[in-house]
J.: 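Sharing a structure, written as structure tokens. Questions coming.
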Amino acid sequence: MYNVNSSKAEEFIDDNEIQETLLYAAEHKSDRVLIQSLLEKASLCKGLSHREAAVLLECDIPDLNEKIKDLAKEIKLKFYGNRIVLFAPLYLSNYCINSCTYCPYHINNGHIPRKKLTQEEIVREVIALQDMGHKRLALETGEDPVNNPIEYVLESIKTIYSIKHKNGAIRRVNVNIAATTVENYRKLHDAGIGTYILFQETYNKKAYEALHPAGPKSDYAYHTEAMDRAMEGGIDDVGCGVLFGLNLYRYDFVGLLMHAEHLEASKGVGPHTISVPRIRAADDIDPSSFPDAIDDETFAKIVACIRIAVPYTGMIVSTRESKSTREKVMELGVSQISGGSRTSVGGYCETERPNDTTQFDVSDQRTLDEVVQWLMEMNYVPSFCTACYRAGRTGDRFMSLVKSGQIANCCHPNALMTLKEYLEDYASAETKAIGNRLIEQELQNIPNEKVRERAKEYLEKEVKGERDFRF
């Protein structure tokens, strides 16, 4: 039976509840009165239930679909403004003992070169990332208790935080590693990680087990309950996601929202981020073998409906997506993107983009500087901010600021100051000129006058070489 507060995966992600939700949505997809009432409710920016959001996703009335997009844009602007947070993935190792059918790191792939970075190689990778201008990383590694034990991950985090090169520093390390124990999550918390990220891949238990025929990841319940254990271990911020295309997208959309509701109900705080990757080609993985792949229009609607249903969450889209797709979904709800990414182990130190250890093909292969300039030309503020985590504004403390709208007094000036750091230390001349004009323009959008004047002072100090100011 469905129980949003239950600690058991098959109760807070109940198959019968999902099936009934999908049936309800299909029956009401043309119900203009209901859909209009849901849009009115959602306009209060308090979110929607998984069943209500499923109706919006299924809506087949053209003018109301336009209103869904318009509302998603309004909500995105209200909660996250025109800021886009930038990060990069850092792959430590592709050793893995799982047999996931959609990932080239699977144990049965006998021809992919296996590689694990030494601490010295991590230093070189991080310096390369710092020289681009990155301040925030997402740590990635395959699941292998022999080659990638928790001790290796912890040592790597310590190494990353220790590296200071010129004006560079990685200020926040988010971690995307396999489901683990409360004890290990506590160790990650003590190591100072930011967000713990784990993709469910699919919430359909039967499909999940078929996609993960062997290895520790094949345990559906253990994997699905990982966020509960992470928060029990002291990690305030967790990030959810599914790999769209592995299973029917409607099912996973509902499951994803049910997971968010479960965390909110049982832990007092929902997911800090929701990621929306789609299946992509890589090594021996052919996306055409997955018949549930979704088109761009469906993908955009999923993003819009998630933004409406879970207005407080950060939404992430990676370089899996093309420039044009990323441009579309940023407007509809995405607030974080990766830039200048390499998805191979040790890829940042290579002059040419390596392909032999990539986890997925990168669609957007532009440099970080090109991405920053592109964002600014669309009037977005590229942000390298990590202030909330470092100031203790995590978990429910962060969410209360987001939901109340007070976060703008922190986020907007912090975004401008970290952008200024990037412009002074790393940007091309053209990017710097565009950025300085944008900063002057955006200073006027800081609502608190005292904060605005202080931000101006800090920006002037950054021109003189001082760094790392934050509100």
J.: Quick test of your reading of the model: are D364 and R326 salt-bridged, counting only N-O distances below 4.0 Å?
T.: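 Between R326 and D364 there is a salt bridge, with a charged N closer than 4.0 Å to a carboxylate O.
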J.: Provide the closest heavy-atom pair for Q119 versus S156 in the form atom of the first, atom of the second, distance.
T.: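 It is NE2-OG, 3.3 Å.
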J.: Considering only NZ, NE, NH1 and NH2 on the basic side and carboxylate oxygens on the acidic side, decide whether R307 and E74 come within less than 4.0 Å.
T.: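 No, R307 and E74 are not salt-bridged.
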J.: Provide the closest heavy-atom pair for Y220 versus T202 in the form atom of the first, atom of the second, distance.
T.: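 Where Y220 meets T202 most closely, the heavy atoms are CE1-O, 4.3 Å.
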J.: Side-chain contact, heavy-atom cut-off 4.5 Å: N184 with V153?
T.: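 No. Closest side-chain heavy atoms not under 4.5 Å.
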J.: For K158, does the NZ atom have more than 12 heavy-atom neighbours from other residues, nucleotides or ligands under 6.0 Å away?
T.: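 12 or below, so no.
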J.: So that I can tick it off, tell me whether D144 and R114 are bridged by a salt bridge, with the cut-off set at under 4.0 angstrom between side-chain N and carboxylate O.
T.: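 The answer is no: the pair does not qualify as a salt bridge.
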J.: Taking L246 as the fixed residue, which of D292, I279, T101 is the one that meets the side-chain contact (heavy atoms from CB on, under 4.5 Å) rule?
T.: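 Answer after filtering D292, I279, T101: I279.
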J.: Determine whether the side chains of S99 and N108 contain a donor N or O and an acceptor N or O closer than 3.5 Å.
T.: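 No, N108 and S99 have no side-chain donor paired with an acceptor closer than 3.5 Å.
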J.: Between E264 and M399, is a side chain to side chain contact (heavy atoms under 4.5 Å, CB included) present by the stated rule, with each step listed?
T.: CA-CA 11 Å; E264 182 91 31; M399 288 302 176; over 6 Å; no
J.: Is any NZ, NE, NH1 or NH2 atom of the basic residue among R171 and E421 found under 4.0 Å from an Asp or Glu carboxylate oxygen of the other?
T.: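 Looking at E421 together with R171, the answer is yes, because their closest N to O distance falls below 4.0 Å.
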J.: Taking NZ, NE, NH1 and NH2 as the nitrogens, is one of them in E201 or K217 under 4.0 Å from a carboxylate oxygen of the other?
T.: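 Yes, E201 and K217 are salt-bridged.
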J.: Of all heavy-atom pairs between N82 and L77, which one has the smallest distance, and what is that distance?
T.: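 Scanning both residues completely, I find the closest heavy atoms to be N-CD1, 4.2 Å.
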J.: Between R172 and T195, is there a side-chain donor-acceptor contact under 3.5 Å, judged purely by atom types and distance?
T.: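 Yes, R172 and T195 have a side-chain donor paired with an acceptor closer than 3.5 Å.
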J.: Which distance, rounded to the nearest 0.5 Å, do you find between the CD of E225 and the CD1 of I13?
T.: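 Separation between the atoms: 10.5 Å.
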J.: Could you work out, with side-chain contact (heavy atoms from CB on, under 4.5 Å) as the rule, every residue matching S400, not counting sequence neighbours?
T.: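 Listed in chain order: nothing, the list is empty.
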J.: Between K115 and E125, is the closest basic N to carboxylate O distance under 4.0 Å?
T.: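 The answer is no: the pair does not qualify as a salt bridge.
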J.: If we ignore hydrogens and angles and just use 3.5 Å, is the side chain of K301 paired with the main-chain N or O of C59 as donor and acceptor?
T.: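 Checked: pair present.
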J.: When you check the gap from the basic side-chain N to the acidic O, do R278 and D296 get nearer than 4.0 Å?
T.: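 Salt bridge: yes.
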J.: Rounded to the nearest 0.5 Å, how far apart are CZ of R366 and OG of S341?
T.: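 Rounded to the nearest 0.5 Å, the CZ-OG separation comes out at 11.0 Å.
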J.: Should the pair K323-E327 be classified as a salt bridge under the 4.0 Å nitrogen-to-oxygen rule?
T.: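 No, K323 and E327 are not salt-bridged.
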J.: Are K206 and D15 close enough that some pair of their side-chain heavy atoms sits under 4.5 Å apart?
T.: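 The answer is no, as the side chains (C-beta and beyond) never meet within the 4.5 Å cut-off.
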J.: Could you check, using the six-membered ring where one of them is a Trp, whether Y102 and H212 have ring centers closer than 6.0 angstrom?
T.: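 Yes - the distance between ring centres of Y102 and H212 falls below the 6.0 Å cut-off.
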J.: E140 and Y105: side chain to side chain donor-acceptor pair (under 3.5 Å), yes or no, with the steps?
T.: CA-CA 12 Å; E140 314 269 356; Y105 291 178; over 6 Å; no
J.: For V372 and P382, work out which heavy atoms get closest and say how close.
T.: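 Here V372 and P382 meet closest at O-CG, 3.8 Å.
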J.: With no hydrogens and no angle check, just 3.5 Å: does a side-chain donor-acceptor pair link N414 and H412?
T.: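 Side chains of N414 and H412: no pair found under 3.5 Å.
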J.: Would you call R51 and E17 a salt bridge, taking side-chain N to carboxylate O under 4.0 Å as the test?
T.: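 Salt bridge between R51 and E17, a charged N being under 4.0 Å from a carboxylate O: yes.
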J.: Can you check side chain to side chain contact (heavy atoms under 4.5 Å, CB included) on R124 and Y348, steps first, answer last?
T.: CA-CA 8 Å; R124 291 196 289 273; Y348 293 106; over 6 Å; no
J.: Mind checking whether Y196 and Y185 have ring centres under 6.0 Å apart?
T.: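 Close enough - the centres of the two rings lie under 6.0 Å apart.
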J.: Hey, would you say the F12 and H259 ring centroids sit under 6.0 Å apart?
T.: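 Here the rings of H259 and F12 have centres that are less than 6.0 Å from each other.
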J.: Atom CD1 in I75, atom NZ in K46: separation rounded to 0.5 Å?
T.: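 I75 atom CD1 to K46 atom NZ measures 11.5 Å (nearest 0.5 Å).
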J.: Taking the six-membered ring of Y95 (Phe, Tyr or Trp), confirm whether the NZ or CZ of K116 is under 6.0 Å from its centre and within 45° of its axis.
T.: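 Ring-cation test returns no.
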J.: Once you round to the nearest 0.5 Å, how far does CG of D252 lie from CG of N204?
T.: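 Between atom CG of D252 and atom CG of N204 there are 7.0 Å.
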J.: Which residue in the set R393, H272, R397 passes side chain to side chain donor-acceptor pair (under 3.5 Å) when paired with D236?
T.: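 The passing option is R397.
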J.: Between K76 and E331 (salt bridge meaning N to carboxylate O under 4.0 Å), is one present in this structure?
T.: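 No, no charged N to carboxylate O under 4.0 Å.
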J.: Would you say the ring centroid of H50 lies under 6.0 angstrom from that of Y2?
T.: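 Yes.
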J.: With distance as the sole criterion, is a donor-acceptor pair present between the side chains of S7 and D228 under 3.5 Å?
T.: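 The answer is no; no qualifying pair exists.
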J.: Report yes or no: is the cationic atom of R229 (NZ for Lys, CZ for Arg) under 6.0 Å from the centre of the six-membered ring of Y222, at an angle within 45° of the ring normal?
T.: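 Geometry flag: set, cation within 6.0 Å and 45°.
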J.: Considering non-hydrogen atoms only, spot the tightest contact between H28 and V55 and give its length.
T.: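 So the minimum-distance heavy-atom pair works out to O-CG1, 3.9 Å.
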J.: Given side chains that start at C-beta, do those of L188 and I177 come closer than 4.5 Å, heavy atoms only?
T.: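 Yes - at least one pair of side-chain heavy atoms lies under 4.5 Å apart.
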J.: Measuring from atom CG of L38 to atom CD1 of I308, what distance do you get when rounded to the nearest 0.5 angstrom?
T.: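 Answer rounded to 0.5 Å: 10.0 Å.
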J.: Are more than 12 heavy atoms, taken from residues, nucleotides or ligands other than E10, located less than 6.0 Å from that residue's CD atom?
T.: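 No, because the 6.0 Å sphere around CD of E10 holds 12 heavy atoms or fewer from other groups.
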J.: List the atom of L154, the atom of A191, and the distance in Å for their closest heavy-atom pair.
T.: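 Minimum heavy-atom contact is CD2-CB, 3.9 Å.
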